[in-house]
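Please read the structure below before turning to the comments.
Order of the sequence lines sets the chain letters (A, B, ...), proteins ahead of strands, with each chain counted from 1.
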Amino acid sequence: MNEKYFPKEIEEKWQRRWAEEKTFEVKEDPSRKKFYALEMLAYTSGRAHIGHVSNFSIGDALSWYKRMRGFNVLHPFGWDAFGQPAETAAIKEGTDPEKFTRDAIAYMKWQFQRMGISYDWSREVATCDPEYYKWNQWFFIQMLKRGMIYRKNSPVNWCPKENISLSNEQASQGRCWRCNTPTIQKDLIQWFARITDYADQLVDDLKQLEGKWPERVVTQQRNWIGRSLGAKVTFRIADSDDSVTVFTTRIDTIYGANAIVLAPEHPLLAKVLEGRPEREEVLAFAENLKAEQRSAALDEQEKKGIFTGGYAINPFNGERMPIWVANFVLIQYGTGAVMAVPSGDQRDFEFSRKYGLPFHQIKLTADGREIQPEELEAADESWTTTVNSGQWSGLPSKEANRLMTEYAEAQGFGEASITYKLRDWGISRQRYWGTPIPVIHCERDGIVPVPEEQLPVVLPPNANLKVEGGSPLDHIPEFVNVDCPQCGGPARRDTDTMDTFVDSTWYYFRYCDPRNDAQPFDPEKVGYWMPVEQYIGGIEHAVLHLIYTRFWTKMMRDLGLVKFDEPVLSLLTQGMIIKETFECPEHEWLFPEQVTDEKTCKICGRPVIVGRVEKMSKSKKNAVDPIEIIDIYGADALRLFVLFAGPPEKDKEWSDSGIEGTSRYLQRVWRIAVKWQPRLAGDGAGSGVEQGGLRDYQRRLRRRTHQIIRAITENFEERLHINTCISSLMELTNEIYSFDQAVEKNGGASEADIFVAREALEALTRMLAPVAPHTAEELWESFGHKQSLATARWPEFEEGLTREEEIEVALQINGKLRSRIFARPDASEDDLKRAALSDEKVKAASDGREPAKVIVVPKKLVNVVFK
RNA sequence: GGGGAUGUGGCGAAAUCGGUAUACGCGAAGGUCUCAAAAACCUUUGGGAUAACCUCCCGUGUGGGUUCGACUCCCACCAUCCCCACCA
């Protein structure tokens, strides 16, 4: 054993050993309890970053812990390898996406392996492997056959910078989720998956996740699906056979409606305008609205509308209401038409005020007044009583809502209705580097799925990525031109590829059976390993990946492949590792050493802009390369740092002195272990020691050892606040040092000393394994163990040994700490009370009075209250 | 506009069920060892009053409340961050 701690040597040794001995490879074993620990697959960007270290370190700590607790732990890894950035990089570097991606995988794998994560690499999956994406195609065909995938011409979100269509999830806020470019709308024939068929289940099953998934992810998903209960009401168009249907959550406000407002795209618009003099003007106006809606941020826009000249009839009271078209009504939501109720809705109010539409009083405030227009900013829940609403006047809003819906249904002009914000998932992309859509278009037979035995449809190599117009695949005749599988006639392949989020919906099912070439996975194997006990990843997938994968699981359940509703039992969204950036107005990005303590630029003296960003980059001069850190301090010190800096779900700021601190800690552990190791190696040393015969400092170390085992164990079981586990390990290390000093004072180690030290050092080593596995393995071996720590058991604590011999009880007078009582831990309440009352401070404070109250919290405190 | 968080020393943070606030680490100061430095080890380190290690006062964003007792529960406010957003 080396005197000094050389992480590089140790880490290389154990990484080799683990690989050779296949330490982390696992098989299904129904006799053992399983645990599936999963980190989100890595996008093949080309380079590992510190966020990967953070993500993997958390999952690895849990994997080690569970393994040592006797679980059969599946901890796999893979690559999210398709996608647009590989194409961009390939064009830039003059290579092809396949080569770029394979190189990225090779390099990143080397980087990740240097972190020494306990992955079962034999299950590695890359989504760009035909053996993998074959099953994307297989799923596509199953869904197509069941009508769960369909094609329609639709305006898609289009990122003009990357030339790619985006799903709604990927284009929220009207910006590309990757490059933040404002998206535009484009009409294309697209493939859609009917995720909306599962909207109710996706909402309802969130209940199963509450408490186990972060609340904000559950809330975000609920809001994203946006289920809202209301009613559809159909209004007849005056002097015509046509009608218009609106969706409202507040049918009880219908007597206050003063207009019907259509979205600019609404199909009824053309009909209403037919033969009217204002036709041209209104259509032009509507076109203009559309263009504006698509370009500007919606919240900045003023309400804008125009009267069409048509009227609709309110079915409740027969009133004629003007039909308008306006920019604040969205074609995608509800029916694309609303009834405007200025006394019930802020937008309708603004609209009505601007265009002078009448204001009908239909609600009273909680204290019985009529509401005034200027009160509309306030919450409308308080305007409880319905008035001026025919037979429903006098009813509370909620009841009116229910009864009026029933009435509308009975009269045949309305019905209860549910709408969702969630829309079907557009899964096709006009790009090259993705899973080809396994469909053939035949002039005679229409859309024909590629026969399953012909899968995979392999992505052809050597595409020209720079072609203008359509997908690069369009320009490869040998790919496009095929015979129709049904009639044998000439036909064309579909040249779209799948959204990469399809790849990642089910990859972790594949890990359970990664080399299966007959089906996506063996349901029995998935039945053993799934669901995932702990999933760890970034918050950015709250409504992307995490909603798609829940949908896919339910879909697979309906295909009979899996037997559960939810794939992930517990989710942890880890925080980012951020680093400060400094930006000088004059000198742009500065290195930290170019900035004074007062945050001014050392070159020009101007105040600098301090930022905190996750994405580290060379250009912003805040890059931290994990491999550079590993070269200097070792993977264990790096892992320890990212885990110790704060709780897993919190953002953590990178700190150079922090990494030095954890490195120093490992050296400290190393030194004490080196010192004691020769004494521990002797067989049976220290056996037969009786607890009763131990001296104070020996009993203390045993007690602290067992207390700390308990603390760390409970933490892993309940909270996974690994940062405090590491604190506890440091405390135990400090205790061992104090113990060592006592031993020094005695002039040498006795049998009993060795017994106690062995217990403490071995417990420390075993509990170090989840957070610093290489170091722990090396120490474990040096203590004379032949088997890897991966096969060792987690230390057990003995309740009896954790008990304090004497405890300090706080003594409060009127709730303020005034003194302490030293007592035995089993002291009764009466004992503590007696001790408190005889305390000098209490006597002084009593001033001869009897205490009004004495509160005793056993083992904690006594509070003596004087009035 | 709606929703969700967060706020504790010089800094990262801890306090798990309402019970001794600041564990653990970083930084800083002093000391030991050394010709010297580094490393290591030891001591101190929330603020204030005081000659004082005694003792007292203040202290978990602000202001109230509940309680014998509040970082923790309730109400209001301030600040910061995140998500969603003309969703009818």
Partners passing ring pair (Phe, Tyr, Trp, His ring centres under 6.0 Å) against Phe797(A) (at least two apart in sequence or in another chain): none

Salt bridge flag under 4.0 Å for residues Arg347(A) and Asp345(A): yes

Write out a two-atom table: protein N or O, nucleotide N or O from nucleotides 25-29 of chain B, distance below 3.5 Å.
residue, atom, partner, partner atom, Å
rG25(B), OP1, Asn734(A), ND2, 3.3
rC26(B), OP1, Arg664(A), NE, 3.4
rC26(B), OP1, Arg664(A), NH2, 2.8
rC26(B), O2', Ser657(A), OG, 2.9
rG27(B), OP2, Arg664(A), NH2, 3.2

By side chain to side chain donor-acceptor pair (under 3.5 Å) - contacts of Lys675(A) (at least two apart): Asp740(A), Glu744(A)

Duplex segments of RNA chain B, taken as runs of at least three Watson-Crick or G-U pairs that stay under 3.5 Å: B:1-7 with B:78-84, B:10-12 with B:24-26, B:27-32 with B:40-45, B:46-49 with B:55-58, B:61-65 with B:73-77

side-chain contact (heavy atoms from CB on, under 4.5 Å) partners for Ala827(A), two or more places apart: Ala823(A), Asp831(A), Leu832(A)

What nitrogen or oxygen pairs link the protein and nucleotides 17-19 of chain B at under 3.5 Å?
none

Hey, what are the protein-to-nucleotides 57-59 of chain B N/O distances that come in under 3.5 Å?
residue, atom, partner, partner atom, Å
rC57(B), OP1, Arg818(A), NH2, 3.1
rC57(B), OP2, Arg818(A), NH2, 3.4
rC58(B), OP2, Lys816(A), NZ, 3.3

Report each atom pair, protein N/O against N/O of nucleotides 6-11 of chain B, whose distance is under 3.5 angstrom.
none

Non-neighbouring partners of Phe716(A) that pass ring pair (Phe, Tyr, Trp, His ring centres under 6.0 Å), sequence neighbours left out: Tyr65(A), Trp794(A)

Residues which pass side chain to side chain donor-acceptor pair (under 3.5 Å) with Asp656(A), listed by chain and number, not counting sequence neighbours: Trp654(A)

Residue pairs, two or more places apart or on separate chains, that pass salt bridge (Lys or Arg N to Asp or Glu O under 4.0 Å) and touch residues 215-233 of chain A: Asp200(A)-Arg227(A), Asp204(A)-Arg227(A), Glu210(A)-Arg222(A)

Return all side-chain donor-acceptor pairs below 3.5 angstrom for residues 718-732 of chain A, not counting sequence neighbours, or 'none' if the list is empty.
residue, atom, partner, partner atom, Å
His721(A), NE2, Glu649(A), OE2, 3.3
Thr724(A), OG1, Asn715(A), ND2, 2.6
Thr724(A), OG1, His721(A), O, 2.9
Ser727(A), OG, Asn723(A), O, 3.3
Ser728(A), OG, Thr724(A), O, 3.1
Glu731(A), OE1, Arg704(A), NH2, 3.2

